[in-house]
Amino acid sequence: MEEKTNITDTENEEYMLFLAGVDYLTAFEADRLIECFGGAKEVFEAGEGELFTSGILSPYSFEKMIERRRDYDPHEEYEKLKARGIGFVSREHPQYPERLSQIADPPPGLFYKGKLPENGRPAIAVIGSRGCTPYGRELGVSFSEELAKLGIDIISGMAAGIDGYAHRGALQGGGQTYAILGCGVDICYPPANKDIYERIPQSGGLITEFSPGREPLPANFPMRNRIISGLADGILVVEARQRSGTGITVELGLEQGKDIYAIPGRIGDKLSDGCNKLIRQGARLVTSPEDIVAEMAHSYGYLVDREGAQNRTNRKIKVKGLTSDQAMVLKILDLRPKSTSELSFRTGLDFSQLMATLTFLELRGLARSTGDGRFIAVRQ
Amino acid sequence: MYSSVLSAAVYGIEAQIINCEADVSDGLPLFNMVGFLASEVKEARDRVRTALKNSGFAMRPKHITINLSPADMRKSGTGFDLPITLAVMAASGLIPGEQLEGVLVVGELGLDGEIKGIPGILPIVLAARENGIKKVIVPKENVMEAGVVQGVDCYGSESLAQLVEFLYGAEDGLGPVRVDTDSIFVRQESEAVPDFSEVAGQAAARRAAEIAAAGQHNLLMSGPPGAGKTMIARRMPGIMPKLSFDESMELTRIYSVAGKLGSGMSMVTRRPFRSPHHTATVNSVIGGGQYPRPGEVSLAVNGILYLDELPEFSREVIEALRQPLEDKEVHISRLSASYTYPAGFMLVASMNPCPCGFYPDRNRCTCSPSMINRYRRKISRPILDRIDLCVNVEEIEYKALSSIGRNESSEAIRQRVESARSVQEKRYRGLDINFNSQLTGSEIMRFCELGKEERKMMENAFEAMNLSARGYHRILRVARTIADMDGSERIRSAHLAEALGYRMGIAGMDEMMK
């Protein structure tokens, strides 16, 4: 490693950018190349024969590397990236997240929009199923919102379902949230999340190991998951099926020594099977954001507002100015969607009265339609 | 010798008087027909000649020329067979021509001289009346339809031979036929139609159906398969006000032209319920074709067009519905002419919440979010903007199923609908709108004025629920109807709140997947 002291840090970044930009070059291969040749610059300048005979590269990534190297100007590419407003840090850069560099196969470089998580700030990954239920949605949003308010960064994958709600909750709470993408940072995937794709970098950041323009291929996502868990202190699973991508992230998190938290669900709800199984295996059961904060307070005592969390959990919310009908309906509503016929049966209100009552509650932000004619209470 | 007989051709749902001229003179034996004729009209030559022979009339070899005037309008259909025959016979001196003066004749001929029914009788007889014609001769099959028109003597004949005898003065009861329209309407009431009392539970859908009928609002029902969406839609004509005579005439005209009025039928007396399959083409739904015919939107006039599984319909069909929904008319242009068909129908559509139908029951639904999105996106925003009411139909539980028969009947619901309609009728007298659903911009300002409290509520809703300007108007229209049903001239906040509840299905569509 001594030989590369003759180049500046910026120069090294430029060559690392080259390595990070080689499609299908794994973090493991990149590591060994640097070790073998002495630095990113040396790898870039190495002869084809040398690279090939080193035996580090798979034939496929070898081909990709040679292809990319042709007419490649590291300095120019680095400037071009900057001009596009996309940041890049290599593993050797001081800003590279500390937590991430501690995992077994940290990516050689990270591309980002917005900013990178600050070292020393508590962070939690909030993940779950893409096709979530209203229950998962509500909890994903409210847990993330509460945690963000208490100064904890929310890490997730900006996928449909829980991921997206986690980011939305964090934004609502005015906190910092980081989305780890399975594609180039210039691509919004899924397109339906365009709104958060634009809002996240304003306070937090969009982060990926894939170079700009890289398509969201299915194979990218399991790889991205190790960054999600790697950037966080713990992982909160909101809702998951028994076998799912969420399971992969949890596995990776366990390998990386992260705490696993899971929100329990009812027996028979397929989307809670994953969480219940995790709890059986020893994940920490959480019923309020306070449970997580208490745990985090051990390592981040002064940064986490533990007392605030306790107060929030214990507070009694009094909603004033409701008519008796509205109060009655609100009392029945909880996080399980209730159909209008069930509500009508239990309150004795006829349908048009009930509909009007629900709309009043919705306008006051106390209830929400789940979009299929059923209603849930909004967690206060 | 020359002779002429009046006849008529149908264009769209209007008829035009056509003069059939025949000249029979010496010269090379020939049967020539002119006058911008479609091939089925030209083929009349063979039917006329053979029918004459088989009815016992001898045609001498003569030079025969037929002209249908005005000669610059394209003529199609088989209704000219009979007038051409009579014109030839009169010109040949086989029948007394003066008997046919001022008489309109239509009908198709068989080779044995039988007179067969044709489509479009009602517009033809109406056109005859407008042109001061006092007597029409139509096929016997169609005479009940013709007889509805007051002020014209209608005669129905079965065969050429019988008709000739009639023209010579035989009194054998060909007419005039008069139809007592009142009795038809009375008879219709005793017929069994599907009734709302058979629908168990489904309070939401029942209420939405009632509001839809009261204000003529378009309705979208969403729910899992088997929940009863089609069952409810089928019962909706039964809760709409009874068909008026004018509405019935409009419908009968269309059905007559489309050839869908059964033989011996006089009028369409029930509100139509049309339910085209989702593989239907644009032409079959909107109308058109090489020889334009009314489509499903016109056959559903004054009734219900039900599109089951709306997202399964082809995109072109869904998009093509925009114009008739807006204009209540369909315009079809062809090189030879342009046609206008009425299309004042009420749209009732249904859809599953996702391709498998069970979303959001995640224990059963396995559709991925992108599949659900793709499925829903098939219904474009412009169409959704024209649907005032959205309602979710739930799967019913056993408890509700066992209560069949104890639910409110269509008759009771219809009475409420009728009273709400009469409020609207009074309010919009002198304006060219009839229902709340037709209210637009400035009329909404005028008829849906809100009080201070209500305005505040809508402001709140506008932001909290992310309404568009169109969505805002949609809610006011529905609230107007709910207030009318409640007998309230002012729209109160409870009315608005309920109306807002029917928007959720739509808003949920965009928002749900995020």
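Owing to the predicted nature of the structure, the values given are computational and were not obtained by experimental measurement. Labels below follow one simple rule: chain letters A, B, ... track the order of the sequence lines, proteins then strands, and each chain is numbered from 1.
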Heavy atoms of other groups near A:R243 CZ, more than 12 under 6.0 Å: no
Are B:M457 and A:F360 packed together at the side-chain level, in the sense that at least one heavy-atom pair is separated by less than 4.5 angstrom? yes
Those residues at least two apart in sequence (or on a different chain) that pass salt bridge (Lys or Arg N to Asp or Glu O under 4.0 Å) with B:K456 are none
Output for pair (A:T357 OG1, B:E498 CD), nearest 0.5 Å, gives 10.0 Å
To the nearest 0.5 Å, atom OH of B:Y502 lies from atom OG1 of A:T359 at 9.0 Å
Salt bridge (Lys or Arg N to Asp or Glu O under 4.0 Å) pairs touching residues 457-473 of chain B, sequence neighbours excluded, are B:D385-B:R470
Honestly, the part of B:C365 sitting under 4.5 Å from a heavy atom of chain A is backbone
Counting heavy-atom pairs under 4.5 Å with chain B, the top scorer among A:D350, A:L354, A:D269, A:D273 is A:D269
Separation between CD (B:E394) and OG1 (A:T340), nearest 0.5 Å, reads 4.5 Å
Output for pair (A:L358 CG, B:L500 CG), nearest 0.5 Å, gives 12.0 Å
dist B:T366:OG1 -> A:R241:CZ (nearest 0.5 Å) comes out at 7.5 Å
Rounding to 0.5 Å, atoms CE (B:M485) and OG (A:S352) come to a distance of 8.5 Å
Sorted by chain and residue number, the salt bridge (Lys or Arg N to Asp or Glu O under 4.0 Å) partners of B:R235 (sequence neighbours excluded) come out as B:E198
For A:A356 and B:A494 the tightest heavy-atom approach is CB-O, 3.7 Å
Fill in: Exceeds 12 heavy-atom contacts within 6.0 angstrom, atom CD of A:Q172
yes
Those residues of residues 174-183 of chain A that come under 4.5 Å of chain B on a heavy-atom basis, listed by number, are none
